[in-house]
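Any value given below was found using the heavy atoms of this structure, including those in side chains, with hydrogens, waters and symmetry copies removed.
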Amino acid sequence: VKFNGDEVIGSEFGSSESYLIGSCDNVACGSGEAEMQISIVLDGYPAETTWELTNTCGSSSVQKSGGPYETAGGNEVIKECVPDNQQYEFTIKDTYGDGICCSYGQGSYSVKFNGDE
């Protein structure tokens with residue numbers, strides 16, 4: 001994930017992993033929204049994979065979520081418009097606790113906010 005020069009790349013994790021994206025500062029932007037693109041390459045057990053996108057400004061409420069999935073080794077690309085003047089936390093979870101890489105497939109994920117990875 002790269003936003004305003006900050007970069008985080010994830011692939012191997014245990015039961016969950018989280019990163020803060022963006023800032024709580026009000027930033028003026030044409031339409032006031034930016035695209036959040038979440039790309040997930042699933043492992044051999046896609047039904048264990050879920051994710052949440054939480055707005056951390058104010059109430060820390062879950063804005064978007066996804067999964068579980070059905071296709072082992074499949075690719076999921078989710079594109080959502082979210083307010084661009086907020087800070088978000090992306091959390092990916094594996095219910096079994098072994099992550100999405102590398103014991104049961106070469107899963108990975110990436111998150112782009114307003115075109116920055």
Item to complete: Measure the CG-SG distance between D43 and C101 for me, rounded to the nearest 0.5 Å.
Response: 8.5 Å
Item to complete: Check for a donor-acceptor pair, side chain of T56 on one end and backbone N or O of Q87 on the other, with a separation under 3.5 Å.
Response: yes
Practice prompt. Find out whether D94 and S15 are in side-chain contact, i.e. whether some heavy atom of one side chain is under 4.5 Å from a heavy atom of the other.
Written response: no
Response to the item:
Distance col, row E33:CD vs E80:CD, nearest 0.5 angstrom, shows 10.5 Å
Fill in: I100 vs T49 side-chain heavy atoms within contact, under 4.5 Å
yes
Worksheet entry | Gap between atom CG of N114 and atom CE of M36 - 0.5 Å precision | 9.5 Å
Worksheet item: Got S108 and V41 here, is their nearest side-chain heavy-atom distance under 4.5 Å?
Response: yes
Discussion item. Under 3.5 Å, is there a donor on one side chain and an acceptor on the other for Q63 and S61?
Written reply: yes
Fill in: From I92 atom CD1 to L53 atom CG, the distance as rounded to the nearest 0.5 Å
12.0 Å
Discussion item. Within this structure, what is the NZ-NZ distance for the pair K64 and K79, rounded to the nearest 0.5 Å?
Written reply: 15.0 Å
Practice prompt. For residues Y69 and E76, determine if any side-chain heavy atom of one lies less than 4.5 Å from a side-chain heavy atom of the other.
Written response: yes
Worksheet item: Does the side chain of W51 reach to within under 4.5 Å of the side chain of T91, using non-hydrogen atoms?
Response: no
Worksheet item: Using the benzene-type ring in the case of Trp, are the ring centres of F90 and Y109 under 6.0 Å apart?
Response: yes
Discussion item. Students often mix this up, so state it plainly: with edges at 30° and 60°, are the rings of F113 and Y88 parallel, tilted or perpendicular?
Written reply: tilted
Item to complete: Give the intermediate values and the outcome of salt bridge (Lys or Arg N to Asp or Glu O under 4.0 Å) for residues K93 and E52.
Response: CA-CA 8 Å; K93 300 177 183 180; E52 294 179 342; 3.8 Å; yes
Practice prompt. Could you tell me whether the side chain of L42 reaches within less than 4.5 Å of the side chain of N75, counting heavy atoms only?
Written response: no
